[in-house]
Trainee: 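Encoded as structure tokens, here's the structure I'll be asking about.
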There are 2 protein chains.
Amino acid sequence: MAMKALSKATIYQVAQLAGVSIATVSRALRDSDLVTRETRERVQAAAQELQFTPSRPARSLAEGRHAANGIVFPDLVGPYYAEVVLGYEAAAAALGSSVLILATNGRRDPAAAVRELAGRVDGLTVMGRTIGDDVVAGIASTGLPVVLLARDPVEGVDTVRAGNSNTARALAEHLVGHGHRTITFLGDPDGSPDVAGRYAGVRAGSKGAHLTLVRGKGLDLESGRRAAKSLLKDKPDAVVCANDEVALGVLLAAQEAGLRVPEDLAVTGWDDLLAARFAGLTTVRQPMRELGATAARWLNKRINESATATRRADKRINEGPPVARRPDERDESHEENRTAARRRILATEVVIRGSCGAHEEVHP
Amino acid sequence: MAMKALSKATIYQVAQLAGVSIATVSRALRDSDLVTRETRERVQAAAQELQFTPSRPARSLAEGRHAANGIVFPDLVGPYYAEVVLGYEAAAAALGSSVLILATNGRRDPAAAVRELAGRVDGLTVMGRTIGDDVVAGIASTGLPVVLLARDPVEGVDTVRAGNSNTARALAEHLVGHGHRTITFLGDPDGSPDVAGRYAGVRAGSKGAHLTLVRGKGLDLESGRRAAKSLLKDKPDAVVCANDEVALGVLLAAQEAGLRVPEDLAVTGWDDLLAARFAGLTTVRQPMRELGATAARWLNKRINESATATRRADKRINEGPPVARRPDERDESHEENRTAARRRILATEVVIRGSCGAHEEVHP
DNA sequence: TTGAAAGCGCTACCAT
DNA sequence: ATGGTAGCGCTTTCAA
């Protein structure tokens with residue numbers, strides 16, 4: 001009878017138990033077509049018996065790949081990032097890749113943490129508000145496939161994002177159409193590319209109204225509430241917030257100030273959190289999971305591309321005669337045969353609820 | 001001038017560039033005290049120049065550890081898991097460990113996925129509603145440190161969870177105190193240990209009232225709304241829901257049915273989502289991040305313990321004379337010197353808002 | 001179809 | 001203080 005599994009069985013033990021060489025074990029456990037069915041079964045039985053699981057580090061070292069990729073985000077507070085990460089994980093898993101996560105907020109040295117992560121994966125997805133473009137560029141120049149998610153493009157790197165300006169513009173126009181003439185945008189365009197895009201859109205859609213920018217720093221509820229306290233003294237018609245959490249904070253502040261929404265004040269957010277629905281908040285819906293899934297799929301493509309390129313380069317090195325290369329034939333194998341950086345903007349959609357003015361029918 | 005980084009620099013190249021042996025490079029880049037300051041600087045300069053980052057697989061293979069741990073959860077939908085994972089990641093990072101995630105929902109073979117994950121980490125945290133106890137036991141028997149999070153204990157494995165029954169009881173008593181006499185519990189106790197605990201508590205706290213159990217399957221908003229549609233025909237006084245999302249669904253259904261909350265119907269949830277606040281939902285708050293952080297810290301302890309034990313065992317094998325062991329001295333080095341399984345239940349707290357009946361003061 | 005053996009890149013022990 | 005070198009466990013030619 002088999003002993004309880006101890007320590008960790010290696011391929012050598014399996015080989016011994018099955019009476020074959022480790023090479024055969026390796027093949028039997030994967031290639032399969034290069035081994036007799038009988039042998040394979042014997043090996044599999046032995047592996048089973050010893051509860052054998054190949055060592056990941058050993059495999060990775062030999063194969064030269066990790067079979068894992070990573071995603072970097074600021075934090076997981078609020079449903080936005082969580083949904084994105086979830087979509088990412090699901091897509092990556094479907095492609096046979098494990099997922100490493102890294103939250104940069106509250107980290108002493110985010111850049112170092114990301115570099116360390118880069119050494120553990122075959123590819124990396126980096127979201128906005130985490131690390132600088134220089135760090136991203138540095139990592140990408142290593143040949144490590146990188147996909148940018150919800151942040152401004154970096155030369156030569158794929159980027160996936162959700163639409164900001166056009167939808168923001170539509171939102172602002174809607175507000176103006178409601179008769180709002182004094183609009184305040186609450187959020188810091190310099191703090192995040194997304195916010196910048198939203199602000200730009202709101203500006204474009206606010207023709208005919210007076211638009212004020214209030215650079216509220218945080219993107220959480222408390223920041224919104226705090227900013228609103230002073231902001232509301234100016235009696236704006238409408239406050240367009242950088243995201244839902246901030247908008248919910250404004251709602252709270254308005255309530256505390258005795259202001260009615262939307263009669264005295266219109267408020268809008270961005271993200272369509274579950275809470276927005278119950279707060280009757282007009283907002284914008286983003287395809288969060290799809291953002292994550294797209295990033296994961298693109299990354300996978302890039303990883304495959306670069307693997308192919310590398311393999312080809314290796315062959316060339318080993319087989320080719322040692323002639324001097326032509327000067328324009330620089331060794332940038334990971335760049336060759338690489339299509340131009342991909343860009344995609346996923347569509348977003350305004351969700352009208354009560355907070356932006358009276359409507360016949362509002363979204364439930 | 002340094003060339004753009006290509007492929008991947010190895011320790012050999014750094015050694016060559018610095019004019020030392022790879023052993024010295026290895027030391028200079030970590031041990032530091034065993035090398036001259038001058039040498040160290042030279043090596044670091046070379047490493048810098050080549051953009052050298054040690055290969056993780058090679059390191060792991062040589063060291064026999066991954067410097068990473070994993071967490072398994074059903075999904076990231078709703079703030080609950082996201083918060084837990086965030087707390088986990090933060091604590092793990094502080095302990096110098098990378099984090100691998102695995103969402104089991106929508107996975108064809110969760111057990112296999114978890115086993116594969118187990119091969120990539122030094123320890124594993126497993127949450128409820130993911131894989132069976134047998135799989136957990138199987139992995140734990142490997143000697144891999146495991147911590148259970150928000151699920152029923154398994155023999156010999158550490159468990160961290162949030163209080164369910166006591167708080168649920170207090171909640172039920174509060175409802176009864178309000179005069180509610182016909183209470184319905186909406187949720188499936190067999191579907192999750194947490195729900196089971198909550199139901200048990202509600203039962204204990206419903207003395208003097210008539211309690212009905214409706215086994216609503218899902219834990220999402222739509223499931224709650226759907227279940228409520230038929231459930232409300234029985235005109236219950238109060239509906240205690242397994243979690244907030246279900247409760248919010250009930251709120252929606254009640255509204256559609258023209259019922260006023262709390263006048264016609266009291267509703268309570270569990271989790272204190274952001275949305276609960278805006279829906280005025282009475283609920284229970286759990287220390288979600290703390291749950292995750294605790295799991296990460298415990299796991300770290302276990303990993304250190306088992307590393308120590310293994311090291312000791314190795315020494316014994318290499319140095320000790322080949323005498324026969326005493327029969328009671330079985331080779332279970334990963335179990336020896338291991339304290340009994342830890343258990344902890346983190347406190348939860350009832351958050352009273354409007355949905356459970358009129359109050360003078362409600363939680364904002 | 002199978003086995004022997006050369007790495008993969010790094011750590012750590014043993015010399016010097 | 002530094003170098004030489006034996007592994008760590010697996011994959012993958014190259015031979016047989």
Side-chain angles (χ1 to χ4, degrees), chain A residues 7-43 46-47 50-67 116 119-120 122 142 307 310-311 314-315 317-319, chain B residues 7-44 46-47 50-67 116 119-120 122 307 310-311 314-315 317-319:
Chain A
S7 301
K8 206 72 182 71
T10 74
I11 199 174
Y12 288 91
Q13 313 185 29
V14 177
Q16 181 166 34
L17 183 58
V20 297
S21 73
I22 62 165
T24 300
V25 173
S26 178
R27 285 188 284 248
L29 264 30
R30 268 179 308 80
D31 299 328
S32 52
D33 356 318
L34 298 258
V35 192
T36 324
R37 195 159 61 85
E38 191 216 327
T39 314
R40 188 180 337 136
E41 280 166 2
R42 196 147 36 88
V43 170
L50 296 173
Q51 296 244 48
F52 172 73
T53 315
S55 147
R56 236 352 293 187
R59 234 177 198 248
S60 294
L61 183 56
E63 289 181 332
R65 60 182 224 110
H66 305 268
E116 133 79 19
R120 298 179 162 271
D122 300 319
T142 301
T310 301
R311 213 169 302 129
D314 287 353
K315 237 185 158 65
I317 289 171
N318 296 329
E319 301 177 347
Chain B
S7 302
K8 205 74 181 70
T10 74
I11 200 174
Y12 288 91
Q13 313 185 27
V14 177
Q16 182 167 33
L17 183 58
V20 296
S21 74
I22 62 164
T24 299
V25 173
S26 179
R27 283 187 287 248
L29 263 31
R30 272 178 306 81
D31 299 328
S32 51
D33 356 318
L34 300 255
V35 252
T36 325
R37 197 160 61 86
E38 191 216 325
T39 314
R40 187 176 341 131
E41 280 166 2
R42 195 144 39 88
V43 170
Q44 287 174 339
L50 297 172
Q51 296 245 45
F52 172 73
T53 315
S55 149
R56 222 15 274 191
R59 233 177 199 249
S60 294
L61 184 55
E63 290 181 334
R65 61 183 224 112
H66 304 270
E116 134 79 18
R120 298 177 162 274
D122 299 319
T310 301
R311 213 169 302 130
D314 286 354
K315 236 184 159 65
I317 289 171
N318 295 330
E319 300 178 348

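Just so we're clear, the structure is a prediction, and the values are computed from it rather than from any experiment.
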Trainee: Which whole-number value in Å describes the distance from Arg30(B) CZ to dC10(C) C1'?
Mentor: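 Arg30(B) atom CZ is separated from dC10(C) atom C1' by 8 Å.
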Trainee: Check whether more than 12 heavy atoms from other residues, nucleotides or ligands sit under 6.0 Å from atom CD of Gln16(A), and answer yes or no.
Mentor: no
Trainee: Which atom names give the shortest non-hydrogen contact between Ile22(A) and Tyr12(A), and what distance separates them?
Mentor: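 Heavy-atom minimum between the residues: CG2-CD2, 3.5 Å.
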Trainee: Between Ser55(A) and Leu61(B), what is the shortest heavy-atom contact and its length?
Mentor: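 For Ser55(A) and Leu61(B), the tightest heavy-atom pair comes out as OG-CD1, 4.4 Å.
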Trainee: Looking only at heavy atoms, what is the nearest atom pair of Arg120(A) and His66(B), with distance?
Mentor: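 Where Arg120(A) meets His66(B) most closely, the heavy atoms are NH2-O, 2.9 Å.
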Trainee: Please find the pair of heavy atoms, one from Arg65(A) and one from Arg56(A), that lie closest to each other, and give the distance.
Mentor: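 For Arg65(A) and Arg56(A), the tightest heavy-atom pair comes out as O-NH2, 3.7 Å.
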Trainee: When all nucleic acid strands are considered with a 4.0 Å heavy-atom cut-off, which category describes Thr39(B): base, sugar-phosphate, or nothing?
Mentor: sugar-phosphate
Trainee: Between Gly19(B) and Pro54(A), which is nearer to the 5' end of DNA chain D once each is assigned its nearest nucleotide?
Mentor: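 Between the two, 5'-proximity favours Gly19(B).
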Trainee: Just call it for Val25(A): base, sugar-phosphate, or nothing, with non-hydrogen atoms closer than 4.0 Å on any strand.
Mentor: nothing
Trainee: Drop me the distance from Leu34(A)'s CG to Ser26(A)'s OG, to the nearest 0.5 angstrom.
Mentor: 10.0 Å
Trainee: Strictly under 3.5 Å: I want the nitrogen or oxygen pairs between protein and nucleotides 5-8 of chain C, one per line.
Mentor:
from: dC8(C); atom 1: O2; to: Ala62(A); atom 2: N; distance (Å): 3.4

Trainee: Can a side chain N or O of Ser26(B) be found less than 4.0 Å away from OP1 or OP2 on dT11(C)?
Mentor: yes
Trainee: How many whole angstroms separate atom NE2 of His66(B) from atom C1' of dC10(C)?
Mentor: 15 Å
Trainee: Show the nearest heavy-atom pair for residues Gly119(A) and Pro57(B), with the distance to one decimal.
Mentor: O-CD, 4.4 Å
Trainee: Going by side chain to side chain contact (heavy atoms under 4.5 Å, CB included), name the residues that satisfy it together with Thr24(B), two or more places apart in sequence or in a different chain.
Mentor: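 Listed in chain order: Val20(B), Ser21(B), Arg27(B), Val35(B), Thr39(B).
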Trainee: Which pair of heavy atoms, one from Leu29(B) and one from Gln44(B), lies closest together, and at what distance?
Mentor: CD1-CG, 4.1 Å
Trainee: Figure out the CZ/P separation between Arg27(B) and dA12(C), and round it to whole Å.
Mentor: 11 Å
Trainee: What is the distance from CZ of Arg65(B) to C1' of dA12(C), rounded to the nearest Å?
Mentor: 15 Å
Trainee: Give me the first and last nucleotide of DNA chain D, going 5' to 3', that has any atom under 4.0 Å from a heavy atom of chain A.
Mentor: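 Span of nucleotides near chain A: dG9(D) to dT13(D).
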Trainee: Could you state the CD-C1' distance from Gln13(B) to dC10(C), rounded to the nearest angstrom?
Mentor: 14 Å
